[in-house]
Amino acid sequence: MSKDANVQGSMTKPPKQGWLYAPSPEATDNVRLAPRYELFVDGKFSAPASGKYFPTVNPSTETVIAEVADANEADVDRAVTAARRAYEQVWSKMPGKERGKYVYRIARRIQERARELAIVESLDGGKPIKESRDVDVPLAAAHFFYYAGWADKLDYALPGRRARSLGVAGQVIPWNFPLLMAAWKLAPALACGNTVVLKPAETTPLTALLLAQIIQECDLPPGVVNIVTGAGPTGAALVGHPGVDKVAFTGSTDVGKRIQRALAGTSKRLTLELGGKAANVVFADAAIDQAVEGIVNGIYFNQGHVCCAGSRLLVEESIHDVIVRKLKRRIEHLRVGDPLDKNTDVGAINSKEQLQKIRMLVESGVSEGCSIHQSHARLPGRGYFFAPTFFTGVSQSHRIAQEEIFGPVLSVLTFRTPEEAVEKANNTVYGLSAGIWTDKAAKVFWMSRRLRAGVVWGNTFNKFDPTSPFGGFKESGFGREGGAAGLLPYLEAV
Ligand code: NAP
Ligand code: MG
C-alpha cells in the first residue's frame with residue numbers, strides 16, 4: 001500500500017517485478033528561466049505597483065523555480081487602460097486579414113519554442129513531459145493557427161449579419177492546462193478584434209509569461225495582450241474592473257458562481273468553463289481492452305487534473321468483474337514519478353493543497369464503505385504525488401461519485417440497461433463531458449442525444465481539436481470554446 005493510502009480497503013497484491021525502465025530525462029539545457037518575472041503590460045515587462053512577488057514552485061521537487069510579480073488593483077487598472085487604448089487606436093481598426101497574420105505568427109513562434117514551452121509546463125505544473133510535448137503545446141499552436149484563419153472571415157460566422165468586436169476581454173484561467181487555456185482564451189479574442197488582459201493561475205504562471213515574450217517577439221502592437229500574474233484577488237480585480245467588456249473564466253464552479261454574482265446587473269458579457277464529473281459508460285458489447293485503455297486515459301491522464309476527466313466509470317453489470325480485474329493489472333503498470341522523464345505516465349499533483357484535497361476525498365470514499373484499489377507504484381520521496389486509485393462498490397450518493405476530485409481517482413458504478421446508464425450519468429450537477437464504449441454506433445447516437453454533457457466521446461476519450469466546440473451544461477458553465485462557436489462569445493452581430 002502506498003504511503004498516500006492511509007486508509008483501509010481491499011488492495012491488490014504487489015505485482016511481480018515487471019519491466020523496469022532506465023530513466024530517460026528530457027534535457028533541459030535549452031531552457032533559461034529568469035529568477036524573477038514581471039508583469040506584461042502595454043508591450044513591456046514592468047514591476048508591480050506593490051513591489052511584491054510570489055514564488056512559483058516545482059511540484060515534483062517542492063523547490064522554488066522563480067518569483068513572479070503579484071499584480072494589485074492599480075496594476076490591473078494599468079493593464080485594462082493599455083488594452084482599451086490598443087483596442088480603440090489600433091486593433092479594432094486593423095483589417096481582419098492583418099490581425100490574422102499576427103495570430104498566425106504567434107502559432108509559428110509557439111512551434112519554434114515548443115520544446116522549451118513543454119519543459120517549463122512540466123516544471124511549473126507537474127504534468128508528464130510526454131503530455132506537455134505531445135498534447136498541450138501542439139494544441140496551443142493549433143488553436144492560434146485555427147483562429148488566425150477566421151480573422152478575415154468573421155461575417156461568415158454570423159450569416160446575414162456583420163460581426164463586430166466587443167472591446168477589452170478580461171480572462172482568468174486555471175492551472176491544469178496553463179498554456180493551452182491561455183491559447184483557448186487569447187486566439188479567438190484576438191482574431192475577433194478584441195484586446196485582452198489575461199490572468200494565469202498562481203501555481204502555473206510561467207508558460208503564460210513565456211507566451212508574453214512570444215507576443216513581444218511577434219511585434220503585436222503594445223497593449224493588445226497584457227498578462228497580469230497574481231492570486232485570486234488579482235483575478236477578482238480583473239473581472240470586476242469597469243473597463244472590461246467581456247469576462248471569460250475557466251476554473252472551479254465555486255469561483256465561477258462568485259464571478260456570476262459580481263457581474264450581475266452589469267453589461268459585461270460572461271462565459272464560464274467550470275468543473276465536471278464525467279461519466280465514462282462501458283457497455284458489455286464494447287471492445288474491452290480498448291475500453292480499459294480509454295478508462296485509464298480518461299482519469300489518469302494529467303493526474304486527473306482535467307475538468308472533463310472520466311472520473312465516474314459506469315460499467316454494464318455483466319462485465320464489471322472483468323473490467324475491474326483488467327484495471328487493477330493496468331494501473332500497476334502506470335509509471336508514476338518525475339514529470340521530466342519521458343517514460344512517466346502520471347506526474348506530480350499540482351500543489352500541496354490539491355494533494356490534500358485528493359487525500360481527503362479518498363478517505364471519505366473509504367469511510368463511506370467503498371473498496372479502494374491502488375497502484376503499488378513507489379512514489380518519489382519528495383514532491384506531491386498520488387498513486388493511481390479506483391474505488392468499487394460506489395453508489396450515487398457517495399461523495400466520491402458526486403464531488404469533483406481533480407486527481408487520479410476513479411469511482412466505479414454499474415448499470416443494467418441503457419436507460420439506467422443515462423439516468424446515472426446525468427445524476428450530477430455538472431455536465432461537461434461523457435464517454436460511451438460500445439460496438440453499436442446506434443447506441444452511441446441514442447446515448448449522446450440523452451446525455452446532458454457538452455462533449456460526448458464515442459469509443460475514445462479526452463480528444464481535443466481546435467475545430468470542435470467545448471463547453472458545459474448545468475453547473476459546468478456556459479459558452480463554447482473552439483470551432484466557429486468559439487467566436488460567438490467575442491463578437492456582436494450588427
Ligand atoms: P479556481 O480556484 O477557480 O481558479 C481558477 C482561476 O481563477 C485562477 O487563476 C485563480 O487564481 C482565479 N481566481 C480565484 N479566485 C478568484 C476570484 N474570486 N475572482 C476571479 N478569479 C479568481 O480553479 P482551479 O482550482 O485553479 O482549477 C481547477 C478547476 O478548474 C476545476 O474545478 C476544473 O474542473 C476547472 N476547469 C474547467 C475547465 C473547463 O473548460 N470547463 C478547464 C480546466 C479546469 P489563483 O490560481 O491564484 O487561485
Ligand atoms: Mg508551479
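Numbers here simply count residues along the sequence, with the first being 1. Atoms within each ligand, like the ligands themselves, are counted from 1 in listed order.
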Just going by heavy-atom distances, which of Gly251, Pro174, Ala237, Gly276 is nearest to atom 29 (C) of ligand 1?
Gly251
Look at the rings of Tyr146 and Trp150 and say which category their plane angle falls in: under 30° parallel, 30 to 60° tilted, over 60° perpendicular.
perpendicular
Test salt bridge (charged side-chain N to carboxylate O under 4.0 Å, His left out) applied to Arg85 and Asp42, step by step:
CA-CA 9 Å; Arg85 196 170 47 240; Asp42 210 9; 2.8 Å; yes
Out of Ala231, Ser252, Ser433, Gly275, who gets a non-hydrogen atom closest to atom 2 (O) of ligand 1?
Ser252
Numbering the atoms of ligand 1 from 1, which are under 4.0 Å from a heavy atom of Thr250?
5 (C), 36 (N), 37 (C), 38 (C), 39 (C), 40 (O), 42 (C), 43 (C), 44 (C)
What protein heavy atom lies closest to atom 10 (C) of ligand 1? Include the residue and the distance to one decimal.
Lys199 NZ, 4.0 Å
Phe177 six-ring face occupied by Lys127 cation (under 6.0 Å, within 45°)
yes
Return the orientation label for the Phe406 and His305 ring planes: parallel under 30°, perpendicular over 60°, tilted otherwise.
parallel
With backbone taken as N, CA, C and O and side chain as the heavy atoms from C-beta onward, which portion of Leu274 lies under 4.0 Å from ligand 1: side chain, backbone, both, or neither?
backbone
To which protein heavy atom is atom 25 (O) of ligand 1 closest, and what is the distance rounded to 0.1 Å?
Trp175 NE1, 3.2 Å
With side chain to side chain contact (heavy atoms under 4.5 Å, CB included) as the criterion, how do Leu274 and Phe249 come out once you've worked through the C-alpha distance, each side chain's angles and the decisive distance to 0.1 Å?
CA-CA 8 Å; Leu274 309 175; Phe249 172 78; 3.6 Å; yes
Under 2.8 Å from the Mg ion (ligand 2) - does any N, O or S atom of Val57 fall there?
yes
Return yes when atom NZ of Lys342 has more than 12 non-hydrogen atoms of other residues, nucleotides or ligands closer than 6.0 Å, and no otherwise.
yes
Numbered atoms of ligand 1 (with element) below 4.0 Å of Ala236, judged on heavy atoms:
19 (N), 20 (C), 21 (N)
Under 3.5 Å, is there a donor on one side chain and an acceptor on the other for Thr56 and Tyr37?
no
Decide whether Thr250 and Lys185 meet the rule of one side-chain donor and one side-chain acceptor closer than 3.5 Å.
yes
With atom 21 (N) of ligand 1 as the reference point, say which of Ser476, Gly235, Gly170 has the nearest heavy atom.
Gly235
Quick test: of every protein heavy atom, which one is nearest to atom 48 (O) of ligand 1, and how far off is it to 0.1 Å?
Gly232 N, 4.0 Å
Quickly, which of Leu334, Ile358, Ile299, Ile331 forms a side chain to side chain contact (heavy atoms under 4.5 Å, CB included) with Pro408? Name it, please.
Ile358
What do we get for Glu481 next to ligand 1 when only non-hydrogen atoms under 4.0 Å count, side chain, backbone, both or neither?
neither
Heavy-atom pairs closer than 4.0 Å: do any link ligand 1 to the side chain of Val172, the backbone, both, or neither?
side chain
Can you figure out which of Asp70, Thr204, Asn176, Ile173 has its heavy atom closest to atom 6 (C) of ligand 1?
Ile173
contact_flag Trp184 ligand 1 heavy-atom lt 4.0 Å:
no
Listed by chain and number, what are the side chain to side chain contact (heavy atoms under 4.5 Å, CB included) partners of Phe470, not counting sequence neighbours?
Trp184, Glu273, Cys307, Cys308, Leu432, Val455, Phe464
protein heavy-atom neighbour closest to atom 18 (N) of ligand 1 works out as Arg258 NH1, 3.7 Å
Show the atoms of ligand 1 that are less than 4.0 angstrom away from any heavy atom in Phe249.
3 (O), 5 (C), 6 (C), 7 (O)
Sequence neighbours excluded, the answer for side-chain hydrogen bond (donor to acceptor under 3.5 Å, both in side chains) partners of Glu475 is Lys257
Using distance alone, with no hydrogens and no angle criterion, decide if Asn72 and Ser50 have a side-chain donor and acceptor under 3.5 Å apart.
no
Measuring to protein heavy atoms, does anything land under 4.0 Å from atom 4 (O) of ligand 1?
no
How about Thr203: does one of its N, O or S atoms come closer than 2.8 Å to the Mg ion (ligand 2)?
yes
Flag if over 12 foreign heavy atoms under 6.0 Å of CD, Glu293
yes
Looking only at protein heavy atoms, what sits closest to atom 40 (O) of ligand 1 is Glu273 CB, 3.2 Å
Which of the atoms in ligand 1, numbered in the order shown and given with their element, are less than 4.0 Å from a heavy-atom of Gly230?
47 (O)
Run the contact test for Phe470 against ligand 1 with a 4.0 Å cut-off on heavy atoms, strictly below, and give the result.
yes
Which ligand 1 atoms, with their elements, are less than 4.0 angstrom from a heavy-atom of Glu202?
45 (P), 46 (O), 47 (O)
Less than 4.0 Å is my threshold; does some heavy atom of Pro233 fall inside it relative to ligand 1?
no
Between Tyr53 and Glu38: side-chain donor-acceptor atoms closer than 3.5 Å
yes
At under 4.0 Å between heavy atoms, is it the side chain or the backbone of Phe406 that contacts ligand 1, or both, or neither?
side chain
The protein heavy atom nearest to atom 32 (O) of ligand 1 is Glu404 OE1, 2.7 Å
Assess the side chains of Ser252 and Asp254: does a donor N or O sit below 3.5 Å from an acceptor N or O?
no
Assess Pro200 for proximity to ligand 1: is some non-hydrogen atom of it under 4.0 Å away?
yes
Considering only the protein, which heavy-atom contact is closest to atom 36 (N) of ligand 1, and what is its distance?
Cys307 CB, 3.4 Å
Closest non-hydrogen atom pair between Thr204 and Pro200, with its separation:
O-CB, 4.3 Å
Using a 4.0 Å cutoff against the non-hydrogen atoms of Val255, which atoms of ligand 1 qualify?
3 (O), 15 (N), 16 (C), 17 (C), 22 (C)
